[in-house]
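Read the numbers this way: they start at 1 and go in the same order the structure lists the ligands and their atoms. Here the structure is a predicted model, which means the values were calculated and not measured.
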Amino acid sequence: MTGWTVASWAGVAAEHPFGLRTLPYGVFTDAARPRPRIGVAVGEAILDLTAASAALLPEHAALLRGGNLDALLAAGRRSWTAIRAALTHWLTDELHSEVLAPLLVPSTDATMLLPFTVADYVDFYSCEQHATDIGRILRPGQPALPANWRHLPVGYHGRAGTVVVSGTPVSRPSGQRRLPDGTVTFGPSTALDFEAEVGFVVGTPSAAGRPVPLTDLAEHVFGVCLVNDWSARDIQAWEYVPLGPLLGKSFATSISPWVVPLDALGAARIQPPVRDPHPLPYLDDTGTEPWGLDITLEVALNDQLISRPPLRGMYWTAAQQLAHLTVNGARLRTGDLFASGTVSGAAPDERGSLLELSWNGTAPLTLADGSTRSFLADGDEVSITATAPGPEGTIVGLGEVRGRISPSYTVTADRVHDSCPSGRRETYD
Ligand code: CA
């Protein structure tokens, strides 16, 4: 079977991260296609799947009409499997090249859009190394991990409406913060950070009141994307007690434009670490198919590699996170996005946030141009990429999530006046 991994008439190399073992889905436009189409990345090209399915897969064409991936996500695993099998067949069988070759467009000519309607967004905190680093930085002298951490996947509900696609500029947030002398002030964040994470995209919904067991991950989750959970550490530090993050996280979350099907990650599945204490039964994955994932992320700041966080040691898996999310009876919706939490490894160059890389500013990072960073400066661009092992020595790529920081729009008294309709101006005087 080795032959067919390389024998594509489309000319994609077997070792390309978007080779035939990846086949991620996204939504794009280009000069000839102003209406958003569903695309599949094939090497350096994008197959216009909306057009291809109309010609070759009429029974599934309604799921692939374009706009976004929502109908495909909702269709469920049987359809996902059938469409992926068709794609693999088309791209390896020369017979289809005549129809499909004209539907391959250079990815450099395409504009990628937010691939699906984000329903709910939940962010976890499931990396033991990251949680330990944060505990040591922010609560020195106390136990690094909160008492609940090894009993349940800690998480919070984020803001789905501010999830943006890679490439969208991120405006520096403003908010309240408390200065070391106790003064409470307002202004642009002075501690803006990234968080390198992997996101899981829910396709098949679940019924209210019916928990999803951890053995059913693949029935509900369509695939994965990369997540940059931008975080304003100063705003977060002041607001988060007692109910968790709010404005320090909600201004923007960036995701990669390509959703890699769970089917592409079969060779990356590994045993998760041993848990101590033993989890409660609904979180006990002993003897089940493993959902540890051997994915390696790479973080670049202004195109300089600064970290390679490994997902492989994650304490809580996506299957456990999903089981936990629904154990109270909360239902899943198509488009729900839940993220792993910041991924950090034990080595200093495996840390998934600047808070850890600069150890909260006590050890600033020196960049190649000689400048230093404790947190992000205006104009800084963060890129997160990732790869996983594929079958037969191939590589499965997760693409890239990229975002540049633009200066804050600070709400000053003058601007409040300027933006206020004249009839109501007295309200502000
Ligand atoms: Ca996070």
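Taking the six-membered ring where tryptophan is involved, the planes of Tyr315 and Trp149 are tilted, since the angle between them lies from 30° to 60°.
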Donor-acceptor pairs under 3.5 angstrom involving side-chain atoms of residues 138-146: please list them, not counting sequence neighbours.
none

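Remark: side-chain polar atoms of Ser8 are paired, donor with acceptor, to backbone N or O of Leu91 under 3.5 angstrom. No side-chain donor-acceptor contact under 3.5 Å links Glu195 to the backbone of Ser231.
Inside a sphere of radius 3.0 Å centred on the Ca ion (ligand 1), the protein N/O/S atoms present are Asp123 OD2, Glu195 OE1, Glu197 OE2, Asp229 OD2.
Among residues at least two apart or in separate chains, there is no side chain to side chain donor-acceptor pair (under 3.5 Å) pair with a member in residues 200-211.
Shown here are the salt bridge (Lys or Arg N to Asp or Glu O under 4.0 Å) partners of Arg178, two or more places apart in sequence or in another chain: there are none.
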